[in-house]
Engineer: 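Before we start, here is the structure in question, set down as structure tokens.
When a ligand or atom number is given, it counts from 1 through the structure's own listing order. Position 1 is the first residue of the sequence; numbering continues from there.
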Amino acid sequence: MKCVIIGGGIGGLTTAIALQQKGVEVKVREAAPEIKAIGAGIWMATNAMQIFDRLGLAQRVTAEGISLEKVSITDRQLRILSAMDIPAIKKRYGHSIVAIHRATLQQLLIGSLAPGTLETGKRCESFTEDDAGIRIRYTDQSEEAADLLIGADGIHSVIREQMFPEAKLRYAGQTCWRGVSNHSLEDRFKRSTIEAWGGRYRFGFSEIADDKVYWFAVQATRPGGKDNPGTIKADLLSAYQNFAPTIGRIIHHTSGIIRNDLMDLRPLGQWYLRRICLIGDAAHAATPNMGQGGAQAIEDAWVLADQISRYDQPEQAFRRYQQIRMPKARFVVSNSRRIGSMAHLAKPWAQLVRNGLMKLMPRQLAGSRLHRVWAIDY
Ligand SMILES: Cc1cc2nc3c(=O)[nH]c(=O)nc-3n(C[C@H](O)[C@H](O)[C@H](O)COP(=O)(O)OP(=O)(O)OC[C@H]3O[C@@H](n4cnc5c(N)ncnc54)[C@H](O)[C@@H]3O)c2cc1C
């Protein structure tokens with residue numbers, strides 16, 4: 001049985017690793033001509049780390065990133081409103097959250113595949129399916145046969161578009177700028193993630209390696225805006241001038257800023273059709289407010305590979321994968337959206353009430369909703 005995965009992102013690569021460990025023949029086709037050091041940083045939450053543990057990758061991911069000791073939501077001046085009990089999380093699940101450069105993670109995943117598994121510069125255009133199997137067509141006019149097709153091609157998935165043309169992306173009302181700063185953080189911010197909330201503006205940062213700080217800046221605004229490359233840094237410095245000076249320093253020492261309108265996917269009723277199945281953002285893209293999109297793709301990878309290895313009939317494996325994964329993935333989509341709205345309350349009185357409530361909330365309670373996400377129960 002030959003399985004082809006379209007998309008060499010976190011989800012596609014992890015699925016390929018998990019399938020190879022089960023002895024399935026698998027190829028990954030990635031549109032990008034090469035895997036480059038773009039995309040800033042990412043937090044690998046404790047649920048992702050537990051799956052990496054099962055795949056034998058957790059130690060290396062931890063060694064190449066920064067295992068966090070503190071995660072806090074603060075006001076503009078970095079005064080804590082709410083903090084996660086990281087030692088308790090580590091004790092319960094065996095792993096903290098790891099902050100890592102995306103390119104480092106992607107290279108580590110690629111290095112864990114059998115040689116020749118990944119081919120870059122292959123953009124899937126469409127596919128056909130009949131009793132004989134699946135034929136995949138690429139934009140370079142080449143074609144390929146497969147028995148199973150996995151769409152891991154992200155939020156703008158062409159595989160999903162062909163399977164479920166009625167699927168809809170939803171703008172979340174916020175736009176995000178991201179970068180990696182060559183900056184040495186003060187000691188009190190090392191091994192931590194801080195997310196500062198201030199009305200229409202939000203700013204998060206985290207050390208991902210020595211003197212490398214991943215940051216994101218989120219603003220409630222209209223979609224489709226464009227930056228002037230000559231003034232983008234000055235524009236962000238001006239937007240965050242009322243925040244703590246550390247934030248200005250982080251922005252100042254950055255070269256290369258990425259902009260994305262934050263979107264999610266209106267939940268699909270089904271993630272598979274016959275021998276074709278979706279995973280990760282292609283199936284259930286969420287806004288990044290819980291830092292869970294990548295972790296959910298990694299959970300998909302494990303469950304899908306496990307089910308494919310158990311059943312002879314792909315459709316049975318896909319059905320079971322969907323049963324196991326859909327409830328948590330939907331929970332993440334809806335809660336991420338809700339947190340995004342709460343973070344950007346515009347009215348000062350509403351911010352005061354929210355901040356007061358967050359300070360009063362015990363740490364255990366603040367994390368209690370997240371246990372549903374962090375626990376792996378399969
Ligand atoms: C601002 C921001 C911050 C985030 N922070 C976090 C975080 O801290 N933690 C976390 O867990 N998640 C985070 N996420 C979410 C996370 O990035 C995604 O959920 C995750 O990357 C999804 O992985 P994926 O493999 O499904 O898709 P992707 O990572 O999007 O990978 C899809 C791949 O498919 C390729 N591709 C696309 N079309 C084709 C085609 N036609 N043919 C071949 N290849 C194709 C693309 O080039 C890409 O390499 C964040 C997202 C954003 C926007």
Engineer: Quick check on Q296 - does any of its heavy atoms sit under 4.0 Å from an atom of ligand 1?
Structural biologist: no
Engineer: Using a 3.5 Å cut-off and no angle test, enumerate the donor-acceptor pairs between side-chain atoms of residues 229-242 and protein atoms at least two apart in sequence or in another chain.
Structural biologist:
unit_1 : atom_1 : unit_2 : atom_2 : d
T231   : OG1    : N228   : O      : 3.4
T231   : OG1    : D235   : OD2    : 3.1
K233   : NZ     : H252   : O      : 2.8
K233   : NZ     : T254   : O      : 2.8
Y240   : OH     : R202   : O      : 2.9
Y240   : OH     : V218   : N      : 3.4
Y240   : OH     : V218   : O      : 3.2

Engineer: Which residue pairs pass the side-chain hydrogen bond (donor to acceptor under 3.5 Å, both in side chains) test with at least one member in residues 6-25, sequence neighbours excluded?
Structural biologist: Q20-T117, K22-D306
Engineer: Please report whether ligand 1 has a polar contact with A282, defined as an N or O pair separated by less than 3.5 Å (distance criterion only).
Structural biologist: no
Engineer: For N260, is the nearest heavy atom under 4.0 Å from an atom of ligand 1?
Structural biologist: no
Engineer: Can V333 be reached from L370 by stepping across I, L, V, M, F, W or Y side chains whose heavy atoms are under 4.5 Å apart?
Structural biologist: no
Engineer: Does the N or O separation between G294 and ligand 1 drop below 3.5 Å for any pair?
Structural biologist: yes
Engineer: Can you pull out the closest protein heavy atom to atom 34 (O) of ligand 1? Residue, atom name and distance to 0.1 Å, please.
Structural biologist: G7 CA, 3.2 Å
Engineer: Parallel, tilted or perpendicular: which one describes the rings of F205 and F189, with boundaries at 30° and 60°?
Structural biologist: perpendicular
Engineer: Looking only at protein heavy atoms, which one is nearest to atom 24 (P) of ligand 1, and what is the separation?
Structural biologist: G11 N, 4.0 Å
Engineer: Does P288 reach ligand 1 with a nitrogen or oxygen that is under 3.5 Å from one of the ligand's nitrogen or oxygen atoms?
Structural biologist: no
Engineer: Below the 3.5 angstrom mark, is there an N/O of A295, backbone or side chain, next to an N/O of ligand 1?
Structural biologist: yes
Engineer: Relative to atom 4 (C) of ligand 1, which among R102, H284, R123, M44 owns the nearest non-hydrogen atom?
Structural biologist: R102
Engineer: Have a look at D281, L262, N289, T175 and point out the one with the heavy atom closest to atom 26 (O) of ligand 1.
Structural biologist: D281
Engineer: On the six-membered ring of F216, is R178 placed so that its NZ or CZ lies under 6.0 angstrom from the centre and within 45° of the ring axis?
Structural biologist: no
Engineer: Among protein heavy atoms, which sits nearest to atom 30 (O) of ligand 1, and what does the distance come to when rounded to 0.1 Å?
Structural biologist: G154 CA, 3.7 Å
Engineer: Tell me whether the rings of H371 and W374 are parallel (<30°), tilted (30 to 60°) or perpendicular (>60°).
Structural biologist: perpendicular
Engineer: Please check if the distance between the ring centroids of F203 and W197 is under 6.0 Å.
Structural biologist: no
Engineer: Are Y311 and W302 grouped together when hydrophobic residues (ILVMFWY) are joined by side-chain heavy atoms under 4.5 angstrom apart?
Structural biologist: no
Engineer: Judged by non-hydrogen atoms, does E125 sit under 4.0 Å from ligand 1?
Structural biologist: no
Engineer: Below 3.5 Å, N or O to N or O, backbone or side chain included: is there any such pair between Q106 and ligand 1?
Structural biologist: no
Engineer: Would H156 count as a contact residue for ligand 1, given that I'm defining contact as a non-hydrogen atom of the residue lying under 4.0 Å from a ligand atom?
Structural biologist: no
Engineer: Salt-bridged, K328 to E299, with N to O below 4.0 Å?
Structural biologist: yes
Engineer: I need the nearest protein heavy-atom contact for atom 45 (C) of ligand 1: residue, atom name and distance, please.
Structural biologist: A31 CB, 3.6 Å
Engineer: Only one of K168, H284, R337 passes side-chain hydrogen bond (donor to acceptor under 3.5 Å, both in side chains) with D264; say which it is.
Structural biologist: R337
Engineer: Would you mind checking which non-hydrogen protein atom is closest to atom 38 (N) of ligand 1, with the distance to 0.1 Å?
Structural biologist: D153 CB, 3.6 Å
